[in-house]
Structures are given as structure tokens and as C-alpha cells.
Amino acid sequence: MSELSSAHRITIAEASRHAGETVSIPGWLYNLRRSGKIVFPLLRDGTGVMQCVGVKANLPEATFETLKNLTQESSLILTGKIREEGRAPGGYEMDIERVEVVQRVPEEHPYPITPKDHGVDFLMDHRHLWLRSKRQHAIIGIRHEVIRGIRDYFDSHGFTLVDTPIFTPAACEGTSTLFEVDYFDDEKVYLTQSGQLYNEANAMAFGKVYCFGPTFRAEKSKTRRHLTEFWMVEPEMAYADLEDVKRVGEELVCFVIARVLENRREELKALERDVAKLEAVKAPFHRMSYDDAVKLLQGKGSEIQWGGDFGNTDETLLTEGLDRPVMVDRYPTEVKAFYFQPDAERPELALGVDFIAPEGYGEIIGGGQRIHDCDLLLKRLEEHKLPREAFEWYLDLRRYGTVPHAGFGMGVERFVAWMSGIEHIRETIAYPRMLYRTRP
RNA sequence: UGUAGGGUAGCCAAACUGGUAAGGCGCCUGACUGUUAAUCAGGAGACUGCGGGUUCGAAUCCCGCCCCUACAGCCA
């Protein structure tokens, strides 16, 4: 590509450091404003958008004509001098000297996404192009920061990354529906819905581990909080209990929020996110038992009965008026998975905890302490009618040096939706997979 | 899967108790030397989701199907 740029190549993000220099910026035409003898192409290069100026009197006829007739999203390389300019959005502007059009989008097939209103369905059908627009760019940038923050947190706190398989032989939790995949020789495997069980084995090998990858749920959920394919980070710790889960979860959330606030101001601004709401999220988070949560909800008019799980509106009610997440712990054993350690004093309760984010973003973390006693685990497998043979390897973890251990899972997309302050989770991943949408 | 709402040009969208398809964006032509989703003037572009029915006449009413959205259940 070097023959295409006639001057030092820079990105728009670097432009402020090159004021007074003549540089080349390769990119795409975001928009074009024209006014007779002066044109303002807005150049987009993935790092930002920059207003450029072309004045007829200062340019060869052909160059000006080329600029004037550019079409939206045409690819081009602009060369010119960078100048500080108060009238330009972003504060810097390029005085265009040369233009090289790499591909001009023909007007017979103009770029479909215009700078005006579009419906969700149309935009989702053009998701591969929609990613070029400012809002999507900002959300994906925040997603990147969230993922980097999560990794940095675990990497700097003694956790080893041990990724778990995506093809799994059976249900990890038995409840949710699984996607079935044809394997070789008539064998069936399933797409993972959690790395949990493998994580427990890995924790016994490495002490503190985490896995980070996609998970799949074949539930026919059709809400703004659900995807059939989503990313989850799951830490697991040996010699740890429910309190450790609460402490680590709280630290992780605060760490990642601080990173987003530190490095993604521009994106938050583009999304008109109320950053004061994020800045308010500090430890300690609110702590509440399931018992108290049920009483609180009933007092607020919820239909919930002791023994039931929280609905969507219940979660919103629980954080009503709160500026930070609430951790609800000690759920009835029946509503939780088979592997939860029971409370020593009240065995009808499971040592699990859910973190419910404020502003209606719902559950972002779910986890707890696992059963470490082999006999109890066997009993639970029977109660849940799970095939013992499939869990022999899992039982081995209780036969060879079992220890109390605990962990949790955090859904990346819900976290990103919360950070971004957006309504629907579908915008937090580049290519969302939902109940009735698997394309593009 | 249930309940509710919706499907009108490439996109957004109006059209009352049925009367013969507004407006805007984008595209094309022209004007404009500081535009900020530029503005102004003109132009092209629609078997009103699909199939059937009622009617002199259907975007509008009725039946069936398809698709979308929101909410609920389940969950991260």
C-alpha cells in the first residue's frame, strides 16, 4: 500500500501530534458537506473521524471534482496539512492537497446506512456495515476495554487462564437447553453452557484459574438481555468460600469500571452515558440475604413467594434507588444447580450469590461455593436424576484431595450494556446470535 | 411458547368512520468559499409483507400464512 500514500501515514487518533505537517490518512468517507467552491469531506479511519477541507481555488480542477463527487463510504487516501481549527469537530482539520480514491461507491448502489433514522431490523440485517457507525464503534470499543480489564484483573491477581472445552459430552447443569452437534460416528456432543465443572478440576491443579470464552444457551428467550451465544468469564478458586466470591466479584467489577472510565471517556460521551452513575459504583456493594430480598420485594408489591426465583421486574425492584450493585446470597437449594454447597446452619439454603446491577441491567454475576464432599455430591446427582457415569471424573475431584472451593461467572455482554448505558444487549457484540437471528 | 403492537419506494414515515398513496433522508440535476445529520430550487423512485374474501371501490374491513418489535417465562 506504500505507493498509495505520498506522505507520512498517520491515523486520525494521532492527528493532534502532527499539526503543521503534511501527512496521508487512509480511510473511508463518513459524510460530505458541500458548498459550491468548498467541500468538507469527513474522513473515518477506525480511530476517529476528521473533517478535511478542499477549496476549489487552491486545488487542480480534477482534484476538486473528485472530492466534490465522492460518495458515502468510498475508500480513499487524503493527503494534506494538519491544522488546529476551532470550527472543526475534533479541533483539527486537514487542508487537502491530494486525494487518491481506492474505490468509489457507485451511486447506483449507494451505501445503505444513511446518517438518518433506521429501524432495528434493517440495521441488524446490515450489521456488517452498521459497525462502521459512531455508536456501534463506541460500544465495541467499550467491550474491548471491558475484556482487557477482566483479563488484566485476573492475570495480575494470581489466576491462570485455563480455557475449557466448547464441545461437551453432557449438560453441565442439567437445566438449560443445550445446542446439539453431530460429532463423528453418530456421537452427539453439545455446545458448552458453562466451563464450571472443568474449572473446578483446573482449580485443583492450579489453585486459582479462569476461563474466558463463548457459551451457548438454546433457550427460547426473546428479551433485551438474552443472546444464544454470549461470552462469559468464569474464575474458580481452591480453598475458597462464598465470602471469597463476593470479595473477588466486587473487586473485579470495580477494577473494570475504573478502566472503562479511565480509557473510554470518548466512547462514553458518544453514547451520552451518565458517567456519574458509573463513578458512583464503589465497594462495598450492598449485601442482602435471599430471605430479606423476598421480604423487601413483597413489601414493594411483588408476587414472589419464598422458594421462587426472581423475575425481571423483581431484579429491577431490588436495585431501585441504589447506586451500586446488590449481592443477594443464600438461595433456596431447589432453585440452584446441583453442585452448590448447602449452608451449614440452614441446609435448605445454597451458598450461592448473584450480583444484580443497578439501572435495571439485571444479574451480571452468578456464583458461589461448590460441594466438596463426595457423598453429598453423589446424593445431589441422584436427586437431580443425573447419570453418575458421566460425572465420575467430576467425583474424582472429591476423591483425591478435595477442598472447599468457589467461583462465579460474569456475562460480558450484560456488563458492556451496563457500562454503555444501552437498552439492548444485541449491540454489545459484533454479530449477535439471537432466537431468530443468525445472520450476517 | 404466550400476550400486545406492527409490516406503505433503498431507508424513516403520514393517510379520520373504506373514495384511488403526504412529507423527510438517500440518489440525480442546478445554486452557494466555513459547512456542523449544511441549506435552497427541481427530478426520478411504490403491484401498500404474501394468498384469498367482502365491496361499485380496500393501505384501511374479514380469514389464513410469513416476518419484525416489546413484554413475560428461563437465565448470564
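Because only heavy atoms are used, hydrogens play no part in the values below, and waters and symmetry mates are left out as well, while side chains stay in. Each chain gets a letter, A, B and so on, in the order its sequence line appears, and its residues count up from 1.
Of the C1' atoms belonging to B:A14 and B:G53, the separation is 28 Å, rounded to the nearest Å. When the P atom is compared between B:G6 and B:A58, the two are found 22 Å apart, to the nearest whole Å. B:C25 sits 15 Å from B:A13 when the P atoms are compared, rounded to a whole Å. Using atom C1' as the reference point in both B:C66 and B:G23, the two lie 30 Å apart (nearest Å).
Residues that satisfy the ring-ring contact (aromatic ring centres under 6.0 Å, His included) test with A:H126, not counting sequence neighbours, are A:F122. Partners of A:K220 under the salt bridge (charged side-chain N to carboxylate O under 4.0 Å, His left out) rule, at least two apart in sequence or in another chain, do not exist in this structure. Partners of A:A62 by side-chain contact (heavy atoms from CB on, under 4.5 Å), not counting sequence neighbours: none found. With sequence neighbours excluded, the residues satisfying salt bridge (charged side-chain N to carboxylate O under 4.0 Å, His left out) with A:D244 are A:R247.
Sequence neighbours left out, the pairs with a member in residues 319-328 of chain A that pass salt bridge (charged side-chain N to carboxylate O under 4.0 Å, His left out) are A:K300-A:E320. Applying the side chain to side chain donor-acceptor pair (under 3.5 Å) definition to pairs two or more places apart or across chains, those involving residues 411-422 of chain A are A:R143-A:E413. Screening residues 300-319 of chain A for ring pair (Phe, Tyr, Trp, His ring centres under 6.0 Å) gives A:Y290-A:W306, A:Y290-A:F310, A:F310-A:Y331 as the qualifying pairs, with residues at least two apart or on separate chains.
Of the residues in residues 44-52 of chain A, those lying under 4.0 Å from RNA chain B by heavy-atom distance are A:Q51.
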With 3.5 Å as the limit, what N/O pairs link the protein to nucleotides 24-33 of chain B?
unit_1, atom_1, unit_2, atom_2, d
B:C28, OP1, A:E107, OE1, 2.7
B:C32, N3, A:G36, N, 3.2
B:C32, N4, A:G36, N, 3.3
B:U33, OP2, A:K37, N, 3.4

Contacts under 3.5 Å, N or O only, protein and nucleotides 1-3 of chain B:
unit_1, atom_1, unit_2, atom_2, d
B:U1, OP1, A:Y436, OH, 3.2

Side-chain donor-acceptor pairs of residues 159-167 of chain A under 3.5 Å, sequence neighbours excluded:
unit_1, atom_1, unit_2, atom_2, d
A:D163, OD1, A:F212, N, 2.9

Can you list, pair by pair, the side-chain donor-acceptor contacts under 3.5 Å of residues 31-50 of chain A, counting residues two or more places apart and other chains?
unit_1, atom_1, unit_2, atom_2, d
A:R33, NH2, A:Q51, OE1, 3.2
A:R34, NH1, A:K68, O, 2.9
A:R44, NE, A:E73, OE2, 3.2
A:R44, NH2, A:E73, OE1, 2.8
A:D45, OD1, A:T47, N, 2.8
A:D45, OD1, A:T47, OG1, 2.7
A:D45, OD1, A:G48, N, 3.2
A:D45, OD2, A:I12, N, 2.9
A:D45, OD2, A:T47, OG1, 3.3
A:T47, OG1, A:I12, N, 3.2
A:T47, OG1, A:A13, N, 2.9

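A 3.5 Å limit on both hydrogen-bonding distances identifies no Watson-Crick or G-U partner for B:A59. Summarising the base pairing, B:G64 is matched to B:C50 through a Watson-Crick or G-U wobble pair whose two defining distances lie under 3.5 Å. Under the Watson-Crick and G-U wobble criteria, each requiring two contacts below 3.5 Å, nucleotide B:A72 is paired to B:U1.
Checking B:U35, B:A76, B:C11 against every side-chain atom of A:E93, the shortest atom distance belongs to B:U35.
Other residues, nucleotides and ligands place no more than 12 heavy atoms under 6.0 Å from the CD atom of A:E266.
Contact annotation: A:R224 side-chain N/O to B:C71 OP1/OP2 distance is under 4.0 Å.
Interface remark: the A:R437 side chain does not form any donor-acceptor pair with the B:C67 base, using a distance-only criterion of under 3.5 Å.
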